[in-house]
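Each residue takes its place number in the sequence, starting with 1. As the structure is a computational prediction, the values presented were derived from the model and not from experiment. Atoms within each ligand, like the ligands themselves, are counted from 1 in listed order.
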Amino acid sequence: MIRAEGLAKHYGRVKALNGVDLEVPTGSVLAVLGPNGAGKTTTVRILATLLRPDAGNATIAGIDVLARPDEIRKVIGLTGQYAAVDEYLTGRENLVMFARLYHLDQATARTRAAELLDRFALTDAADRQTRTYSGGMRRRLDLAASLVARPKVIFLDEPTTGLDPRSRNGMWDVIRELVRDGATLLLTTQYLEEADALADNIMIIDHGLVIAQGTADQLKGRLGGERIQIAVKDLAHLPELAEIAASVGSGVPEVDQESHSVTVEVRDGAASLVEFVRGLDAKGIEPSDVELRRPTLDEVFLALTGHRTQSVHDD
Ligand SMILES: Nc1ncnc2c1ncn2[C@@H]1O[C@H](COP(=O)(O)OP(=O)(O)OP(=O)(O)O)[C@@H](O)[C@H]1O
Ligand SMILES: [Mg+2]
C-alpha cells in the first residue's frame with residue numbers, strides 16, 4: 001500500500017534522510033523507530049506530500065506521491081507530532097471544521113464528529129475548549145481529526161510521546177482498532193515497546209539511514225533477549241555482583257559504578273532471575289533494586305551501531 005525508494009532529503013550539510021526504502025503491505029503496521037533527529041518526521045512529511053524529497057520516489061495505493069499529491073491527500077490521514085487542533089474551539093467544533101475542510105456538508109460533518117467523539121471517548125468533553133484537554137485527550141482528538149474522511153492509509157508521528165502509561169495504553173487500543181478496521185498504518189516512535197506492541201514490521205533509522213528492519217521477533221533475535229539489572233546498596237559488592245551476573249547471563253555484564261548496578265542479558269528471563277537472586281542470597285548480598293526487562297532503544301542502538309542514541313560525536 002505504501003512503497004518508497006531511495007528517499008533523500010538534505011538541509012544544508014544535514015542529511016535528514018539519506019536513501020530510505022520502505023514498504024507497508026495493505027492492512028499492516030510499520031513502525032519507524034529511531035531517536036531524536038533520526039529522520040522520522042521527515043519521512044512522514046514526504047509521504048504525506050508536505051515535503052518534497054531531493055531524491056527518491058514513493059507511491060501510496062499505486063498513486064505517485066510526487067506527481068499526484070492531490071489524489072494522495074484523499075486517501076491518507078496524518079496525525080502530526082504536534083497538535084493541529086485549534087485550542088479555542090471545542091473538540092466538537094474542531095472535528096466539524098476538519099470535516100468541512102474535507103467538503104462534507106454541515107449535517108454529515110456533525111454526524112461524523114459525534115461518531116468520532118464517541119469512538120475516542122471524548123463525548124463528555126466534546127463541548128469544552130480543547131485548551132482544557134489533557135495531553136492524552138488532545139492526542140485522541142488529533143487522531144480523530146485525521147480520520148474524518150475515513151482514510152485507508154494513516155500516518156501517526158509519535159502518537160504517544162509524552163503521554164502517561166494509561167493514556168498510552170488508551171492510544172494503543174485506538175490504534176489497534178484502526179488496524180482491525182482494515183487501515184494501513186505507518187507510525188513513528190522512540191519506544192521499542194510501542195513498536196513491539198503495535199507493528200507487524202519495524203524499521204530502525206538513525207541519521208537518515210535504515211540500520212535494521214524486520215518483524216519484532218526477527219529483531220529481538222538479532223538484538224538479544226531480556227536483561228536483568230540489579231543494583232546493590234554497597235558499592236563494595238559490585239565485583240561479586242558482576243561475577244554472579246557473568247555466570248547467570250548469556251552476555252558480558254555491564255557494570256555501572258554510578259548507579260551501583262550490573263546489567264546482563266539472559267536467555268531465560270524468569271528462571272535466570274531466580275538463579276540470580278539465589279546467587280546473591282548465597283553470598284549474603286542485599287539488592288536494592290531488581291529488574292527484568294526488554295532491551296531499551298538505547299541498548300538496541302548500542303548493539304547495532306556501536307554508539308548510543310544520544311551520541312555526542314557524529315561519526
Ligand atoms: N526544516 C529543517 N531545516 C533544517 N534542518 C532540519 C529541518 N527539518 C529537519 N531538520 C533536521 O533533519 C534531521 C531529521 O529531522 P526529523 O525531524 O525528521 O527527525 P525525527 O526523527 O522526527 O526527530 P524527533 O524524534 O526529534 O521528532 C534532524 O537533524 C533535524 O535537525
Ligand atoms: Mg519528529
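Of the possible donor and acceptor atoms, none in the side chain of Thr130 sits under 3.5 Å from a partner among the backbone N and O of Tyr133. A donor-acceptor pair under 3.5 Å is formed between the side chain of Gln218 and the backbone N or O of Thr215.
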Distances under 3.5 Å, N/O of ligand 1 against N/O of the protein: list each pair and its distance.
residue, atom, partner, partner atom, Å
ligand 1, 18 (O), Thr41, N, 3.4
ligand 1, 18 (O), Thr42, N, 2.9
ligand 1, 18 (O), Thr42, OG1, 2.5
ligand 1, 19 (O), Gly39, N, 3.3
ligand 1, 21 (O), Ala38, N, 3.1
ligand 1, 21 (O), Gly39, N, 2.9
ligand 1, 21 (O), Lys40, N, 2.8
ligand 1, 21 (O), Lys40, NZ, 2.9
ligand 1, 22 (O), Thr41, N, 2.8
ligand 1, 22 (O), Thr41, OG1, 2.7
ligand 1, 23 (O), Gly37, N, 2.8
ligand 1, 25 (O), Asn36, ND2, 3.2
ligand 1, 25 (O), Lys40, NZ, 2.7
ligand 1, 25 (O), Glu158, OE2, 2.8
ligand 1, 25 (O), Gln190, NE2, 3.2
ligand 1, 26 (O), Asn36, ND2, 2.9
ligand 1, 27 (O), Gln81, OE1, 3.0
ligand 1, 27 (O), Gln81, NE2, 2.8
ligand 1, 27 (O), Glu158, OE2, 3.3

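Residues Leu241 and Ser261 are not in side-chain contact: their nearest non-hydrogen atoms beyond the backbone lie 4.5 Å or more apart.
Among the atoms of Thr41, an N, O or S atom is found under 2.8 Å from the Mg ion (ligand 2).
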All N/O donor-acceptor pairs, side-chain side in residues 269-287, below 3.5 Å, sequence neighbours left out:
residue, atom, partner, partner atom, Å
Ser272, OG, Asp268, N, 3.4
Ser272, OG, Asp268, O, 2.6
Glu286, OE2, Lys233, NZ, 3.0

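The CZ atom of Arg128 lies 15.0 Å from the CG atom of Leu89; values are rounded to the nearest 0.5 Å.
A side-chain hydrogen bond (donor to acceptor under 3.5 Å, both in side chains) with Asp157 is found for exactly one of Thr43, Thr188, Thr79, namely Thr188.
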